[in-house]
*Asks:* 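Dropping the structure in here first, questions after.
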Amino acid sequence: GQNIDQPTEMTATEGAIVQINCTYQTSGFNGLFWYQQHAGEAPTFLSYNVLDGLEEKGRFSSFLSRSKGYSYLLLKELQMKDSASYLCAVHNRGGNMLTFGGGTRLMVKP
Amino acid sequence: GAVVSQHPSRVICKSGTSVKIECRSLDFQATTMFWYRQFPKQSLMLMATSNEGSKATYEQGVEKDKFLINHASLTLSTLTVTSAHPEDSSFYICSAQPGAGNSPLHFGNGTRLTVT
């Protein structure tokens, strides 16, 4: 089976930095996705990590450690519009489906 | 970029009726599409994998006779919720992957189903 854990909720201040962690236990790991989902909308793709290390894309960065079964999403210079749910999803070998964690609801306050 | 179109975006139906949701890949062909369901404040749960030209693969606990999936072409998959009940009220989202391997899944905009 698979087990994907991320915090349920986080609160941060506008302009600050926040790190959202995701740990996973799975067999046949191929990579890990991060998606952003605003309330009532479909998820939108943020990043995909296959190899260990940090991938930076503007204000968002994602890190992966395959040996530790650990990833994080780093959001810098937080804006109010970053208030959303952030979903990590494990991509397994042998299929194209993703298994999603429970999502982290981030609230950005002024 | 790749676009997945889902229709309708919202539907309200009476208990006992059936509802069909369409998912189209607009600028790529998708031999496989995925149907997810999301209850309020919960994450996406995979319901089934739709395979073009063959039977869908359902996840454990999902009734295949209640959630009928048809993937008749490389750009269209449909999910029909048969004999809907209030507990079927949820957000249904389809997704597809343009290209192979590590390309990200692209999601439709979802369908908010309310069964009264």
Side-chain angles (χ1 to χ4, degrees), chain A residues 1-10 20 22 24 26 28-51 55 57 60 62 64 66 73 83-107, chain B residues 1-7 9-10 21 23 25 28-52 56-62 77 90-114:
Chain A
Q2 298 187 87
N3 199 23
I4 303 171
D5 288 314
Q6 34 179 149
T8 307
E9 288 186 352
M10 297 183 73
I20 302 174
C22 174
Y24 62 89
T26 185
F29 178 83
N30 206 30
L32 189 141
F33 287 91
W34 282 97
Y35 283 85
Q36 180 192 59
Q37 185 180 25
H38 285 99
E41 299 180 12
T44 54
F45 168 75
L46 291 178
S47 67
Y48 182 55
N49 293 71
V50 177
L51 303 176
E55 298 266 351
K57 198 184 288 186
F60 292 5
S62 57
L64 176 68
R66 294 177 69 123
L73 180 70
S83 294
S85 285
Y86 292 86
L87 310 171
C88 73
V90 169
H91 183 206
N92 291 98
R93 279 195 290 272
N96 290 335
M97 70 177 210
L98 300 185
T99 303
F100 284 86
T104 299
R105 272 195 309 281
L106 173 67
M107 281 192 301
Chain B
V3 176
V4 175
S5 173
Q6 188 173 338
H7 178 80
S9 57
R10 289 181 181 273
I21 303 170
C23 181
S25 56
F28 64 97
Q29 294 182 331
T31 54
T32 305
M33 290 185 178
F34 304 94
W35 287 96
Y36 290 86
R37 180 168 54 182
Q38 186 176 36
F39 291 106
K41 297 191 177 181
Q42 295 186 23
S43 191
L44 285 80
M45 297 297 296
L46 180 67
M47 297 175 66
T49 302
S50 172
N51 304 299
E52 187 268 335
T57 306
Y58 289 82
E59 295 300 301
Q60 195 171 13
V62 178
S77 174
S90 187
F91 192 48
Y92 293 86
I93 311 178
C94 70
S95 68
Q97 184 185 35
N102 301 334
S103 58
L105 279 181
H106 289 261
F107 288 87
N109 285 331
T111 298
R112 173 77 56 195
L113 171 63
T114 303

*Asks:* Measure B:Leu46 against the heavy atoms of chain A and call it side chain, backbone, both or neither at under 4.5 Å.
*Replies:* side chain

*Asks:* Could you walk me through whether A:Thr99 and B:Met45 pass the side-chain contact (heavy atoms from CB on, under 4.5 Å) check?
*Replies:* CA-CA 8 Å; A:Thr99 303; B:Met45 297 297 296; over 6 Å; no

*Asks:* Answer whether the closest heavy-atom distance between the side chains of A:Glu41 and B:Ile93 falls below 4.5 Å.
*Replies:* no

*Asks:* Can you tell me if B:Ser43 uses its side chain to pair, donor with acceptor, with the backbone of A:Phe100 under 3.5 Å?
*Replies:* no

*Asks:* Do B:Leu105 and A:His91 come close enough that some side-chain heavy atom pair is under 4.5 Å?
*Replies:* no

*Asks:* For B:His7, is the NE2 atom crowded, meaning more than 12 foreign heavy atoms sit under 6.0 Å from it?
*Replies:* no

*Asks:* Taking every heavy-atom pair that is under 4.5 Å apart, which of A:Ala42, A:Ser47, A:Gly101, A:Gly103 has the most such pairs with chain B?
*Replies:* A:Ala42

*Asks:* Side chain, backbone, both or neither: which part of B:Gln6 has a non-hydrogen atom closer than 4.5 Å to chain A?
*Replies:* neither

*Asks:* Between chain B and each of A:Gly31, A:Ala89, A:Pro43, count heavy-atom pairs under 4.5 Å; write down the option with the most.
*Replies:* A:Pro43

*Asks:* Counting only heavy atoms not in B:Asn51 (residues, nucleotides, ligands), do more than 12 fall under 6.0 Å from its CG?
*Replies:* yes

*Asks:* How many angstroms lie between atom CD of B:Gln42 and atom OG of A:Ser85, to the nearest 0.5 angstrom?
*Replies:* 11.5 Å

*Asks:* So A:Phe45 and B:Phe107, do their side chains get closer than 4.5 Å, heavy atoms only?
*Replies:* no

*Asks:* About how many Å separate NZ of B:Lys41 and OG1 of A:Thr8, when rounded to the nearest 0.5 Å?
*Replies:* 11.5 Å

